Amino acid sequence: MAEEREEEESGRTNYRAQRLDKLAQLKALGVDPYADGFVPGARAAELDAKYKTLAAGAETPDRVKVAGRIRALRNSGMFIDLHDATGKIQVFCHKDHLAPDALAVLKLLDLGDLIGVEGVIRRTPRGELTVNAHALTVLAKALLPLPEKFHGLTDIETRYRQRYLDLIMSEESRATLRQRSHIVAVMRRLLIERGFLEVETPMLHAVPGGASAKPFVTHHNALDLELYLRIAPELHLKRLMVGGLSDKLFEINRNFRNEGISPRHNPEFTSLELYQAFADYATMMEMTEYLIATIAREVLGTMRIPYGKHTIELAPPWPRKSMAELVKVKAGVDFLSLHDAVAARDAARKLGAELPKGASWGQALEAAFAAKVEDTLIQPVHVTGFPRDISPLAKPDLRDPRLVERFETFVNGWEVANAFSEINDPLDQRERFEAQMMARDHGDEEAQRLDEDFVTALEYGMPPAGGLGIGIDRLVMLLTDSPSIRDVIAFPTMRPKG
RNA sequence: GAGCCCGUAGCUCAGCCGGUAGAGCACAUGACUUUUAAUCAUGGGGUCGCGGGUUCGACUCCCGCCGGGCUCACCA
């Protein structure tokens with residue numbers, strides 16, 4: 001037997017084989033390596049807090065049960081660093097406290113194993129809070145080795161593909177995803193406190209509407225029907241507004257867009273959309289500031305946040321500037337004085353914007369804005385004065401027929417919010433859709449589609465309302481100083497390997 | 001979709017002008033009973049992403065492919 005083992009071990013190193021061998025040895029000792037029934041009585045952080053004043057070298061009679069993952073073994077297992085979801089606690093395994101059968105189990109433990117420990121609390125002379133182990137329970141024998149303890153897992157691809165490993169190894173990754181949860185929880189609470197009703201609307205759409213984007217297509221077998229993963233919840237939320245379900249409602253959920261992947265784009269992403277009856281886009285500006293600033297204050301304890309090289313001041317109020325005004329200031333071209341699409345296209349192209357052939361006046365202005373202004377909007381600003389022809393769901397601006405009552409909020413050069421006074425005139429809405437369909441016919445793949453039932457709903461009457469969308473992923477990126485959207489999405493979209 | 005860059009042990013990384021691969025951690029064996037990136041000694045571990053080509057000889061040079069990152073385009 002011993003000779004056989006020697007032969008195996010002299011061959012190719014195989015971590016898994018070694019651990020399977022230990023697993024078998026544990027079973028031979030009558031130990032269940034995936035034991036049920038061990039319930040920890042305290043977590044590491046709780047013990048840290050409770051025994052904060054325990055002096056170095058002091059012992060207590062307090063028995064505790066802790067559980068976690070073995071992240072370090074020192075002095076042949078005499079000292080174990082046990083990590084749980086809250087922090088680290090040291091375990092002391094000494095022959096004076098552990099029975100011989102427990103010492104035999106100890107020898108079969110590896111880095112990465114999940115164990116439960118029952119013992120007595122003390123603080124070592126060197127100041128480490130420690131459990132003197134009296135009993136060990138193997139909760140999950142790990143068959144695969146962890147990444148290197150000091151450098152952790154740095155390979156970006158592996159971090160995204162095997163997020164569980166990233167989370168085991170990186171407190172930063174754990175903190176980011178916890179903050180994401182906290183941000184969404186606070187957002188939800190603030191909305192509910194303000195009287196908003198949370199709803200869920202379909203992910204599967206017969207007509208993909210509510211935004212200008214390419215949809216994912218799928219198929220329903222029983223109905224033998226092409227369906228689309230939603231690109232936005234907007235048209236269904238407005239149907240609920242028509243129904244009078246609530247004057248204020250919101251949805252926080254996923255959207256799917258069949259477009260490129262980048263550090264700021266994931267094919268599925270999360271957004272907040274909310275609608276408030278008897279309000280307009282100005283109300284939505286206040287709402288945007290309130291939500292984002294309050295979330296920052298509650299989650300980060302400050303409204304002054306670092307992002308990369310910048311420091312961003314989120315304390316309201318935020319300035320409001322029109323798109324045309326910003327382009328005029330940054331690029332020296334006054335689009336409001338250009339009265340036709342041809343002149344606007346020429347001007348935009350001169351500013352370095354790329355444009356489709358038949359681009360409208362509004363598309364030209366937007367392209368000029370994207371080329372010359374967007375990147376410079378680091379501090380929060382509400383950009384107003386959106387062109388009508390790129391805003392088919394927004395109410396006209398009565399002061400200028402080329403514009404609508406819409407704004408996008410920019411922070412760090414990114415669009416983080418998009419809002420408008422919603423069209424509730426069904427005839428106007430139909431005209432807007434028809435203009436979009438015309439653009440579609442002329443090759444604009446992302447022009448919005450006519451949703452007949454939505455127009456029908458408007459014909460029953462929707463109260464005047466303000467609507468707002470906030471991209472959750474980008475908000476979380478901002479508030480967690482994360483350089484990539486993949487850092488704030490636990491399982492970002494990846495091409496399958498092999 | 002295009003351009004640039006990257007892929008070497010389980011992990012983190014070296015590897016020069018082409019001569020068939022190294023370290024640390026991890027692992028195994030031993031020492032060590034108050035360590036904390038424990039330490040010390042010894043040892044094992046490689047389809048150099050994959051496939052071609054050039055060459056006496058390729059981790060290294062060339063081509064193609066796969067996967068990833070960044071930038072651009074599209075978009076939020």
Side-chain angles (χ1 to χ4, degrees), chain A residues 2 5-19 21-22 56-57 71-82 88-97 110-112 122-130 132 142-162 165 168-169 211-214 231-232 255-273 353-354 356 366-367 370 374 408-410 414-418 444-446 469-475 477 483-486 492 494-498:
Chain A
R5 289 241 320 273
E6 249 173 49
E7 270 177 30
E8 283 168 21
E9 283 160 9
S10 70
R12 177 181 297 182
T13 296
N14 188 327
Y15 291 89
R16 189 162 178 274
Q18 285 173 358
R19 290 185 179 217
D21 185 48
K22 290 180 180 177
R71 291 297 310 280
L73 285 159
R74 291 181 293 277
N75 293 49
S76 307
M78 187 163 58
F79 293 95
I80 294 174
D81 282 350
L82 202 63
K88 180 195 97 175
I89 180 103
Q90 181 170 264
V91 174
F92 182 63
C93 294
H94 196 277
K95 59 187 177 189
D96 290 353
H97 305 302
D110 287 299
L111 294 184
R122 69 173 168 117
R123 193 176 291 282
T124 65
R126 299 210 185 180
E128 192 76 25
L129 192 66
T130 299
N132 282 348
L143 299 181
L144 294 170
L146 292 177
E148 204 246 3
K149 63 184 170 187
F150 188 60
H151 298 93
L153 185 63
T154 63
D155 181 75
I156 292 174
E157 185 177 351
T158 310
R159 287 183 49 222
Y160 297 150
R161 285 191 192 278
Q162 295 181 277
L165 273 185
I168 288 171
M169 299 308 296
S212 303
K214 296 191 197 80
I231 54 176
N255 294 322
F256 306 86
R257 298 191 183 173
N258 204 340
E259 287 158 358
I261 294 178
S262 86
R264 280 183 287 288
H265 299 84
N266 196 64
E268 51 179 310
F269 64 100
T270 302
S271 72
L272 160 73
E273 273 204 23
E354 284 185 37
E366 188 195 31
E374 268 187 27
E408 286 186 354
T409 304
F410 284 80
W414 308 339
E415 179 199 331
V416 299
N418 179 20
D444 185 350
E445 269 185 90
E446 298 195 346
I470 293 180
I472 300 296
D473 309 277
R474 287 188 181 175
L475 178 61
M477 285 174 71
S484 171
I485 197 168
R486 299 180 197 99
M494 302 283 280
R495 191 188 290 274
K497 212 173 177 179

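Residue numbers start from 1 in every chain, and the chains themselves are labelled A, B, ... in the order their sequence lines are given, proteins ahead of strands. None of these values were measured; they are calculated from a predicted model.
The interatomic distance linking A:Gln162 (CD) with B:G10 (P) rounds to 13 Å, in whole Å. Atom-to-atom, CZ of A:Arg495 to C1' of B:G1 comes out at 12 Å; the value is rounded to the nearest Å. Between A:His151 atom NE2 and B:U12 atom P there is a gap of 10 Å when expressed in whole angstrom units. Residue A:Glu273 contributes atom CD, which lies 12 Å from atom P of B:A76 at whole-angstrom precision. Straight-line distance from the CD atom of A:Gln90 to the P atom of B:U33: 17 Å, rounded to whole Å. The nearest whole Å value for the distance from the CG atom in A:Leu144 to the P atom in B:A26 is 18 Å.
By the 4.0 Å N-to-carboxylate-O rule, A:Lys88 lies close enough to A:Glu128 to be salt-bridged with it.
Comparing B:A23 with B:G67, their P atoms sit 34 Å apart, to the nearest whole Å. Between B:G10 and B:C65, the two C1' atoms lie 27 Å apart (nearest whole Å).
Within the 4.0 Å cut-off from OP1 or OP2 of B:A28, at least one side-chain nitrogen or oxygen of A:Lys22 is found. One finds no side-chain N or O of A:Lys214 lying less than 4.0 angstrom from the OP1 or OP2 phosphate oxygen of B:C74. Taking 4.0 angstrom as the limit, A:Arg486 places a side-chain polar atom (N or O) nearer than this to OP1 or OP2 of B:C70. Contact annotation: A:Thr154 side-chain N/O to B:C13 OP1/OP2 distance is under 4.0 Å.
Residues satisfying the side-chain contact (heavy atoms from CB on, under 4.5 Å) test with A:Leu73, not counting sequence neighbours, are A:Ile70, A:Ile80, A:Leu111. Legend: residues meeting side-chain contact (heavy atoms from CB on, under 4.5 Å) with A:Lys214, ordered by chain and number and at least two apart, are A:Asn258, A:Glu259, A:Glu445, A:Glu446. Residues that satisfy the side-chain contact (heavy atoms from CB on, under 4.5 Å) test with A:Glu415, not counting sequence neighbours, are A:Glu408, A:Phe410, A:Asn418. With sequence neighbours excluded, no residue forms a salt bridge (Lys or Arg N to Asp or Glu O under 4.0 Å) with A:Arg122. Looking at residues two or more places apart in sequence or on another chain, you find a side-chain contact (heavy atoms from CB on, under 4.5 Å) between A:Glu268 and A:Arg254, A:Phe256, A:Asn266, A:Thr493.
Taking a pair as Watson-Crick or G-U wobble with both distances under 3.5 Å, the runs of three or more consecutive pairs in RNA chain B are B:1-7 with B:66-72, B:10-13 with B:22-25, B:27-31 with B:39-43, B:49-53 with B:61-65.
By the stacking rule of 5.5 Å between ring centres and under 30° between planes, A:Tyr15 does not stack on the base of B:G10.
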